[in-house]
Amino acid sequence: MAKRKSGLIGGIITAVIIFIALICLVMCIEKVPVGYEAVVYSVNGGVQDETLTQGWHIIAPTKKAKIFTISNEQLLLTQDSREGSKNDESFKVSTSDDASIAISFQMTYKFDELKLIDTYKKFRGMDGETIVNNRVKSVLKSKVSEVTTDYSMMDIYSGNRSEINNRLTEYLDSQFSDAYGIQVLDASVIDVHPDEQLKEAINNHVTALQKKQQALAEQETAKVEAETALIKAQNEADIKVKEAEAKANKLKADSITDELISMKDAEARLKHGWVTVQSGNAAVVTEQK
């Protein structure tokens, strides 16, 4: 009986030990998702020099891992939840004409894997998501405005959006690379949400554009009409010149008579001192002495 009781207690203790060991093992397992890397911090040795790649890893209970995305991630700040944001996260930016307009924005980014350890140290153990939500978002709006202030309200609404987006991408990448260890792959104004001021400006712009197009059309019509009139006048002038030339040629031809030819012949004989003598059937020209 005592043996059986002792064996039962031993089995319970063994089971408890195994259970505790399993719990510890589970607590020591760290999963790094696909497209992420993890920075490991040890209570004893500080931040480790090597990161954990994707997959399952067993780490000591005295160590903590924080993950960072090294694949492309999207940050969406939009007005409508259907566009990606949970709430209305659109924000206002400044323009060169002292206006303020609301935009929806997206940014494709990833953490630079070569800077992960430095980034972890700089932000005192924050993981990538926390850095983006608590630090990047807080300065993003002002950074975007630093670019949009070079463009007018109408430029942003209906101008060369690709140029603006290219400048945003280059500027944010340069700003966030050193500050947060983030590479910005694409930054875009994906929509503009006009208020009453912008709507009025849009209407004025459309009206001015229509007037300009109408004026250009009228100018083109006048130009074509002037060119047509010029061509017509030139053709008429050419016809008159040709008619005058034909008339002159006819008068000239009519004025050449046998009497005129004989007169010109006599004038030539008198001027040059030569005469024509008939010798048989041939005319012989002799010079007068």
Side-chain angles (χ1 to χ4, degrees), residues 10-78 81 83-91 105-144 168-188:
I12 293 173
I13 293 173
T14 302
V16 169
I17 292 172
I18 292 174
F19 180 73
I20 293 173
L22 288 174
I23 291 176
C24 291
L25 180 62
V26 170
M27 292 177 64
C28 291
I29 293 176
E30 183 70 34
K31 179 186 177 182
V32 179
V34 176
Y36 288 80
E37 284 191 17
V39 178
V40 179
Y41 172 79
S42 173
V43 175
N44 299 324
V47 181
Q48 294 188 351
D49 294 333
E50 294 185 1
T51 59
L52 302 180
T53 58
Q54 65 185 45
W56 296 89
H57 302 270
I58 297 177
I59 62 174
T62 57
K63 295 180 180 180
K64 294 181 180 180
K66 295 293 179 70
I67 62 172
F68 294 80
T69 178
I70 58 170
S71 61
N72 297 355
E73 293 286 339
Q74 274 197 337
L75 173 63
L76 288 165
L77 300 173
T78 59
S81 60
E83 296 173 328
S85 295
K86 294 180 180 179
N87 304 305
D88 181 2
E89 294 186 286
S90 61
F91 58 94
F105 174 85
Q106 74 173 19
M107 184 177 77
T108 303
Y109 71 95
K110 67 177 183 178
F111 281 89
D112 187 342
E113 52 195 297
L114 300 178
K115 298 180 178 179
L116 288 183
I117 295 173
D118 291 336
T119 301
Y120 180 88
K121 291 178 180 178
K122 184 174 183 178
F123 293 97
R124 301 179 181 181
M126 289 184 182
D127 60 19
E129 185 177 0
T130 304
I131 292 172
V132 171
N133 289 332
N134 294 355
R135 299 299 180 87
V136 174
K137 279 187 177 181
S138 64
V139 301
L140 180 62
K141 299 173 184 180
S142 63
K143 294 297 182 184
V144 173
L168 281 170
T169 301
E170 292 174 2
Y171 184 68
L172 294 179
D173 183 56
S174 67
Q175 294 293 304
F176 293 168
S177 178
D178 292 333
Y180 306 103
I182 286 176
Q183 295 177 340
V184 177
L185 308 175
D186 176 73
S188 305

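Just so it is clear, the structure is predicted and the values come from calculations on it, not from any experiment.
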- I182 versus V132: any side-chain heavy-atom pair under 4.5 Å? yes
- Message: side-chain contact (heavy atoms from CB on, under 4.5 Å) for L140 and L172? Distances and angles first, verdict last.
- Response: CA-CA 8 Å; L140 180 62; L172 294 179; 4.0 Å; yes
- Flag, side chain of N72 to backbone of Q74, donor-acceptor distance under 3.5 Å: no
- Item | Side-chain donor/acceptor of S174 to backbone N/O of Y171, under 3.5 Å | yes
- Query: Yes or no on side-chain contact (heavy atoms from CB on, under 4.5 Å) for D186 and Q106, after CA distance, side-chain angles and deciding distance?
  - Reply: CA-CA 8 Å; D186 176 73; Q106 74 173 19; 4.0 Å; yes
- Where do F176 and K143 come nearest, in terms of heavy atoms and distance? CE2-CG, 4.3 Å
- Message: Can you give me the closest heavy-atom contact between G181 and T119, atom names plus distance?
- Response: CA-OG1, 3.7 Å
- Message: Among residues at least two apart in sequence or on other chains, which ones pass salt bridge (charged side-chain N to carboxylate O under 4.0 Å, His left out) with K115?
- Response: D178
- Applying side-chain contact (heavy atoms from CB on, under 4.5 Å), run through K66 and F123 and close with a yes or a no. CA-CA 12 Å; K66 295 293 179 70; F123 293 97; over 6 Å; no
- Pairs where residues 124-138 contributes a residue and the test salt bridge (Lys or Arg N to Asp or Glu O under 4.0 Å) is met, not counting sequence neighbours: E89-K137
- Message: Please report the interatomic distance CE(M107) to OG1(T169), rounded to the nearest 0.5 Å.
- Response: 10.0 Å
- Message: If we ignore hydrogens and angles and just use 3.5 Å, is the side chain of T51 paired with the main-chain N or O of V39 as donor and acceptor?
- Response: no
- Query: What residues form a side chain to side chain contact (heavy atoms under 4.5 Å, CB included) with E73, not counting sequence neighbours?
  - Reply: Y36, T69, S71, Y109
- Message: Once you measure the plane-to-plane angle for F105 and F91, does it fall in the parallel (<30°), tilted (30-60°) or perpendicular (>60°) bin?
- Response: perpendicular
- Query: Out of curiosity, E37 CD to I117 CD1, how far, rounded to the nearest 0.5 Å?
  - Reply: 9.0 Å
- Task: Enter the distance from D88:CG to T78:OG1 here, rounded to the nearest 0.5 Å.
- Result: 8.0 Å
